Amino acid sequence: DDTMISWSGIKIHDCAYDPEFELLVCCCSDNFARIYSKGMIDPFALFEAGEGVIFTTVLISKKLQVVIFGTNTGAVRI
């Protein structure tokens with residue numbers, strides 16, 4: 001898909017930003033979700049979706065104090 005952002009051949013499917021904690025959460029095509037903090041080049045947290053599973057969407061829920069990920073299999077990960 002030409003609308004996706006990519007770097008080093010890894011496509012970013014979705015991102016969410018939390019301005020209070022200055023965190024950026026990205027779902028990537030390499031089966032990983034990455035969490036970045038302000039000013040950091042490398043992620044401070046990296047989550048693997050598992051074999052054959054790709055994180056496709058992300059939502060930061062301040063009310064529930066969690067990050068919710070959707071996957072290509074229709075599952076939800078919290």
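The chain is numbered in sequence order, starting from 1. Since we're looking at a predicted model, the values are computed, not measured.
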Could you check whether any side-chain N or O of N31 sits under 3.5 Å from a backbone N or O of A49, counting only pairs where one atom can act as donor and the other as acceptor?
no
Mark yes or no for whether S37, through its side chain, and M40, through its backbone, hold a donor-acceptor pair below 3.5 Å.
no
Measure the shortest side-chain to side-chain distance between H13 and S29 over non-hydrogen atoms and say whether it is less than 4.5 angstrom.
yes
Could you name each residue pair satisfying side chain to side chain donor-acceptor pair (under 3.5 Å) that touches residues 39-59, not counting sequence neighbours?
none
Residue pairs, two or more places apart or on separate chains, that pass side chain to side chain donor-acceptor pair (under 3.5 Å) and touch residues 64-78:
T71-T73
Should side-chain heavy atoms under 4.5 Å link Ile, Leu, Val, Met, Phe, Trp and Tyr, which residues sit in the same cluster as I41?
none
dist C28:SG -> I12:CD1 (nearest 0.5 Å) comes out at 5.5 Å
I'd like to know if F44 and F47 are part of one continuous hydrophobic network [Ile/Leu/Val/Met/Phe/Trp/Tyr, side-chain heavy atoms within less than 4.5 Å].
yes
Ring pair (Phe, Tyr, Trp, His ring centres under 6.0 Å): which pairs involve residues 48-78, sequence neighbours left out?
F55-F69
Contacts satisfying salt bridge (charged side-chain N to carboxylate O under 4.0 Å, His left out) that involve residues 62-75 (not counting sequence neighbours) are D18-K62, E20-K62
For C15 and V58, work out which heavy atoms get closest and say how close.
C-CG1, 3.7 Å
Using the rule that Ile, Leu, Val, Met, Phe, Trp and Tyr join whenever any side-chain heavy atoms are under 4.5 Å apart, tell me whether Y36 and F21 fall into a single cluster.
no
Joint hydrophobic cluster, V66 plus L59, side-chain heavy atoms closer than 4.5 Å:
yes
In the hydrophobic cluster built from side-chain contacts under 4.5 Å, what are the other members alongside F32?
L46
Going by the salt bridge (charged side-chain N to carboxylate O under 4.0 Å, His left out) test, which pairs reach into residues 22-32, not counting sequence neighbours?
E22-K38, D30-R34
Side-chain heavy atoms nearer than 4.5 Å, only ILVMFWY residues, links allowed to pass through others: does that put L24 and I35 together?
no
I78-L64 co-clustered via ILVMFWY side chain contacts under 4.5 Å:
yes
